Protein chains: 2
Amino acid sequence: MAEQAETLHRTPLSRERVLRAAVALADEAGIESLSMRNLAQDLGVVPMALYKHVANKDELLDGMIDVVVGEIRAPEPGTDWKRAVRGRILSAREVLQRHPWAPLAIESRNMATPAILAYLDSTIGTFRAGGFTVDLTHHVMHAMGSRILGFSQELFDADRRAGRSGRADTDPPTALPPEIAARFPHVAEIAMAASHDDESVLGQGCDDQFEFEFALDLLLDGIERLHRHGWASARRPG
Amino acid sequence: MAEQAETLHRTPLSRERVLRAAVALADEAGIESLSMRNLAQDLGVVPMALYKHVANKDELLDGMIDVVVGEIRAPEPGTDWKRAVRGRILSAREVLQRHPWAPLAIESRNMATPAILAYLDSTIGTFRAGGFTVDLTHHVMHAMGSRILGFSQELFDADRRAGRSGRADTDPPTALPPEIAARFPHVAEIAMAASHDDESVLGQGCDDQFEFEFALDLLLDGIERLHRHGWASARRPG
DNA sequence: ACCTGAACACCGTTCAAGT
DNA sequence: ACCTGAACACCGTTCAAGT
């Protein structure tokens, strides 16, 4: 009975339970609310208890990143390299949209976690299986950059912040303040065109998913062209 | 005399002096050493004195970003859009290499500062002057993402961290630990090829500048193709 | 041996007391 | 009116005292 009470008291802490609670806290309250103290409180535990399962906060973040990257679907077998890479990156993007704090966390940690290395290894394998040379694969991976993990790489990624991961895919009209529009006329022109989404230019506003796939296909099409033309180091990617 | 002593005591603080000292501190000691307290000490001033010139730390960071973005060279007039954009992005990259903390700072601030808006406006203007439609320019700007500001967008950007902005362009051999190489054979294959830089594949190791220009030209060439073929929203970027 | 409260060395920022 | 020291509400982490 004493033993039962001991083990069941609040379900025993484990590294996995710590990491899952940390991811949930960051998802719901924003990464800036993730402190060792807040996390301990969520788990009904004294702060120092966490240090039995993670060495420090950096290692906690690494563990959280691995949880997130582990959610990315493996590519369907038997598809050609382009569909396989494209599908996997779009799956990665879906995952990151559930965890908007993750891109910044990954970028600020600067060493690859095991899950990320496994992801990269598998993606490199897809290119190699598609007949890419080692060196073209190398440059292509660099060229994809963090987009390979589904990062939008927008200069300003509104949804990447705090708790608000919602708010549909299409931006609200959000007209520029007039003095901004006057100082930056080219920015204003684009903002105006993108917000008149009913009649005009595109048939849609500034649709994140469209922009992401536009950029992704621009890269994949360029990569396909290099591959087909047998690109090798002497030539520039033109 | 009392007046002179008052005004000359330590050269009076100003917003500009605060921002320049903050940039210097972040450059030299790393962004994680930039605290209001450390900055005040560098300036020989009590911490609260800073709040006369910046509202809070976020505004300090915005100001630092504007200082950095202000260092980017304007494009040379009279060149075609592709050379103009390419040259400006490479100039931006040089600037960011002097301030390795800047990319992460910009990404985490999520609203455009005036200097960044001016930069974007001018770059959009270059595309428009080159004959790009408003909507193609729009998508192209999104596709460039933060690369437009010279970000490398590598998944792990070793030099972006702390004080160490030096260490040549070419990675040292840095052989993978054998157990990593065994678990991630495709990663190992590429790492090996890139480090045998004398004989092999590329005639160079993993050269950051080469990788950056490879990716940049991949994008610019793809963009040029869309523009020449009169891309419009109905078609996908193929 | 394990767990944990208090303490340490920091933060950014408020506020009231000094000039 | 201006300036600034002390204080407040936090951090991550160490450490020694308790069981």
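Quick note on labels: first sequence line is chain A, next is B, and so on, each numbered from 1. Everything quoted here is computed from the prediction, not taken from an experiment.
Across the strands present, C/dC8 finds its partner in D/dG12; the criterion is a Watson-Crick or G-U wobble pair with both atom distances under 3.5 angstrom. Remark: D/dC3 base-pairs with no nucleotide in the shown strands. Criterion, Watson-Crick or G-U wobble with two distances under 3.5 Å.
Checked for salt-bridge contact, A/R109 and A/E59 miss the test: no charged N lies under 4.0 Å from a carboxylate O. For the pair B/E179 and B/R183, the salt-bridge criterion is not met [side-chain N within less than 4.0 Å of a carboxylate O]. Classification of B/R98 and B/E94 as a salt-bridged pair fails, no side-chain N sitting under 4.0 Å from a carboxylate O.
Considering only the side chain of A/Y51, D/dG12 comes nearest among D/dC3, D/dG12, C/dG12. Closest to the side chain of A/K57, from the set C/dT14, C/dG12, D/dT13, is D/dT13.
Between A/A49 and A/R37, it is A/A49 whose nearest contact on DNA chain C lies nearer the 5' terminus.
Put simply, CG on A/L60 is 14 Å from C1' on D/dC11, counting in whole angstrom units. In this structure, CE of A/M48 is placed 10 Å from P of C/dT4, rounded to the nearest angstrom.
Remark: aromatic rings of A/H142 and B/F210 are distant, center separation not under 6.0 Å.
Using a 4.0 Å heavy-atom distance criterion, B/N38 is classed as a sugar-phosphate-only contact.
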